[in-house]
2 protein chains.
Amino acid sequence: MNMNLPLITVNGVLGAQISPMDRGFAYGDGVFETCRVHCGKITFWALHLERLLTSAERLKIPIAEAQLLTYRDELLQLLSTAQLESAVLKITITRGVGGRGYGLPQQVAPTYCLGVFPSLPLLSDQYLQGVAVRICSQRLSQSPALAGMKHMNRLEHILARSEWGDEFNEGLLLDVQGNVIEATVSNLFLVNDGCLITPDLTLAGVAGIMRRLIIERFAPELGLNVVIRSVDIDVIGGAQELFLCNSVFGIWPVVHLATAPMLPSTPGAVTRSLQHCLTESFK
Amino acid sequence: MNMNLPLITVNGVLGAQISPMDRGFAYGDGVFETCRVHCGKITFWALHLERLLTSAERLKIPIAEAQLLTYRDELLQLLSTAQLESAVLKITITRGVGGRGYGLPQQVAPTYCLGVFPSLPLLSDQYLQGVAVRICSQRLSQSPALAGMKHMNRLEHILARSEWGDEFNEGLLLDVQGNVIEATVSNLFLVNDGCLITPDLTLAGVAGIMRRLIIERFAPELGLNVVIRSVDIDVIGGAQELFLCNSVFGIWPVVHLATAPMLPSTPGAVTRSLQHCLTESFK
């Protein structure tokens with residue numbers, strides 16, 4: 001069966017649209033997840049669900065988990081019918097329709113918007129040969145109440161991404177204090193003497209699922225220590241290896257960075273080992 | 001003619017909805033204005049339009065001004081048919097429909113969403129007798145690239161507003177450094193010895209139209225100096241008068257503030273004079 005993507009449901013209805021009174025539209029009042037679908041299954045679903053529920057709780061959005069799972073299963077069923085091998089699933093949950101004004105509606109009925117998008121193969125050129133990365137001028141603000149979440153207020157990331165076209169694969173983001181935080185759609189790791197270093201995200205940034213997997217599962221499997229701390233831009237230039245990660249593209253070795261000409265121009269051994277952990281986890 | 005509000009058009013179509021692929025929905029990627037409509041006319045329209053165009057330019061959203069004016073006029077025509085004396089007009093403009101990801105679409109067709117909402121009379125109890133204000137725990141992040149704009153990334157304001165119910169009329173917002181910036185839906189002025197002081201909004205906050213009117217028109221009319229500077233929370237407690245302002249409710253005297261028990265419990269003379277300037281400007 002041929003299937004035109006994206007395929008989007010709103011509250012379970014295929015092709016439905018969003019009310020202009022939806023608070024997701026009015027104020028970016030919601031959260032989202034972007035997951036890789038592989039052979040009909042959502043990879044690392046439990047972690048995505050956990051982040052979604054935790055973030056919604058921080059924002060006081062009452063997600064109905066059973067409802068979400070129903071919508072998810074209906075969409076996966078459509079994918080299965082189409083025999084689509086791999087795809088990207090985006091789940092957006094907002095505080096639903098409300099009145100004018102910031103005050104929370106008395107009765108909140110969240111909006112569940114699920115979309116299936118085409119995906120590139122995991123073993124892309126970027127995955128295999130590495131990527132070129134720049135440093136963005138746009139800084140991230142520090143907001144402890146919002147840090148770590150994949151919420152829908154993304155203007156800073158949009159402005160950062162608008163700084164370049166196709167000449168780089170990603171851009172690093174610093175916060176207003178000059179700490180390196182992440183890249184526009186991915187998290188950053190440094191490798192030094194068998195130790196992984198990744199920026200602290202207490203004040204800014206999105207705590208990615210692939211970042212969590214590397215910290216909690218792949219690094220221990222490989223006997224690598226992980227240090228989460230503030231990272232200065234100068235430290236990056238001296239790293240033995242650098243890589244980026246997210247749930248969709250997996251792990252990308254960084255082989256070119258404007259400020260670090262001494263970076264090896266081929267993917268490093270530790271990055272390769274972590275990629276191996278990832279592909280093994282898909283089996 | 002009886003008319004049920006809100007009355008909302010999307011790209012000129014009454015009752016239309018928003019695509020789930022709209023970047024306003026996905027990322028809060030847009031700007032909005034909230035204006036008071038009085039006797040069929042949008043008050044201070046030129047200033048609202050100017051802020052809209054300036055903000056869109058900062059966000060690289062190519063607003064088609066003629067298109068916007070057409071949609072505006074069609075909606076005002078509907079109001080005129082209904083002989084609606086006063087209302088609130090909300091104009092939302094987003095970067096329109098795009099793909100998944102933060103990168104700007106190659107061809108941007110902005111979404112124009114215009115809504116008419118019921119309004120309270122300008123001469124409300126709050127306007128006449130003053131309001132009670134609290135201090136919010138939620139802080140505003142500092143983001144020079146976004147400060148001043150009425151953009152659609154409003155999670156911090158939503159979290160702030162969720163801290164209380166009906167027991168106060170407004171809540172003051174400090175930034176992460178502890179500077180007083182604004183209230184959740186209005187700007188703040190202090191009055192001291194015939195001088196107006198209002199917080200600097202270079203790093204955070206929304207530069208309101210009523211604030212601008214007071215600074216550029218009403219204060220000069222009354223021979224009052226205006227100082228725009230960083231404002232410490234302690235300074236507020238010692239102010240002779242305090243007031244809040246926005247385009248919808250006008251000017252509200254503050255007569256109760258948790259941290260300033262010495263504040264006069266009736267509206268001050270300077271605040272009254274500014275209110276007089278405002279009501280005169282409606283004639």
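By convention in this document, chain letters (A, B, ...) are assigned in the order of the sequence lines, proteins followed by strands, and residues within each chain are numbered from 1.
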Query raised in the report: Nearest 0.5 Å, what's the CZ-CD1 distance between B:Phe25 and A:Ile18?
Result: 3.5 Å
**Report entry** CD/A:Glu167: more than 12 non-hydrogen atoms of other groups inside 6.0 Å
**Finding:** yes
Report task. Could you tell me which non-hydrogen atom of B:Lys60 sits nearest to which non-hydrogen atom of A:Ser162, and how far apart they are? Result -> NZ-OG, 2.7 Å
Query raised in the report: In terms of heavy-atom pairs under 4.5 Å, which option from B:Leu159, B:Val10, B:Val185 contacts chain A the most?
Result: B:Leu159
Query raised in the report: Is it the backbone or the side chain of A:Thr92 that comes under 4.5 Å from a heavy atom of chain B, or both, or neither?
Result: side chain
Report task. Name the region of A:Gln177, side chain, backbone, both or neither, that has any atom closer than 4.5 Å to a heavy atom of chain B. Result -> side chain
**Report entry** Residue A:Glu163 excluded, over 12 heavy atoms near CD under 6.0 Å
**Finding:** yes
Query raised in the report: Checking heavy atoms, do the side chain of A:Ala16, its backbone, both or neither come under 4.5 Å from chain B?
Result: backbone
Query raised in the report: So which of A:Thr111, A:Asp22, A:Val88 has the largest heavy-atom pair count under 4.5 angstrom toward chain B?
Result: A:Val88
Query raised in the report: Contact part of A:Arg161 toward chain B, heavy-atom cut-off under 4.5 Å: side chain, backbone, both or neither?
Result: side chain
Requested in this report: Ignoring hydrogens and angles, state whether a donor on the side chain of B:Ser143 or A:Glu156 is under 3.5 Å from an acceptor on the partner side chain.
Outcome: yes
Query raised in the report: Is any side-chain heavy atom of B:Met21 less than 4.5 Å from a side-chain heavy atom of A:Ile8?
Result: yes
**Report entry** Nearest-0.5 Å distance that lies between atom CZ in B:Arg100 and atom OG in A:Ser119
**Finding:** 9.0 Å
Query raised in the report: Rounded to the nearest 0.5 Å, how far apart are CZ of A:Arg23 and CG of B:Leu155?
Result: 9.0 Å
Report task. For B:Pro20 and A:Gln17, work out which heavy atoms get closest and say how close. Result -> CD-CA, 4.3 Å
Requested in this report: Quickly, which of A:Leu104, A:Leu59, A:Asn153 forms a side-chain contact (heavy atoms from CB on, under 4.5 Å) with B:Ile158? Name it, please.
Outcome: A:Leu104
Query raised in the report: Using a cut-off of under 4.5 Å for heavy-atom pairs, which of B:Thr184, B:Asp29, B:Leu140 has the most such pairs with chain A?
Result: B:Asp29
Requested in this report: Heavy-atom distances under 4.5 Å only: say whether B:Arg58 touches chain A with side chain, backbone, both or neither.
Outcome: backbone
**Report entry** Pairs of heavy atoms under 4.5 Å with chain A: top-ranked of B:Gly101, B:Pro6, B:Gly103, B:Ser141
**Finding:** B:Ser141
Query raised in the report: What option among B:Val176, B:Leu203, B:Leu146 has the most heavy-atom pairs under 4.5 Å with chain A?
Result: B:Leu146
Query - Parallel, tilted or perpendicular, as decided by the 30° and 60° cut-offs, for the rings of B:Phe32 and A:Tyr27 - result: perpendicular
Report summary line: Among A:Ala26, A:Pro144, A:Gly30, the residue with the most heavy-atom pairs under 4.5 Å to chain B is A:Ala26
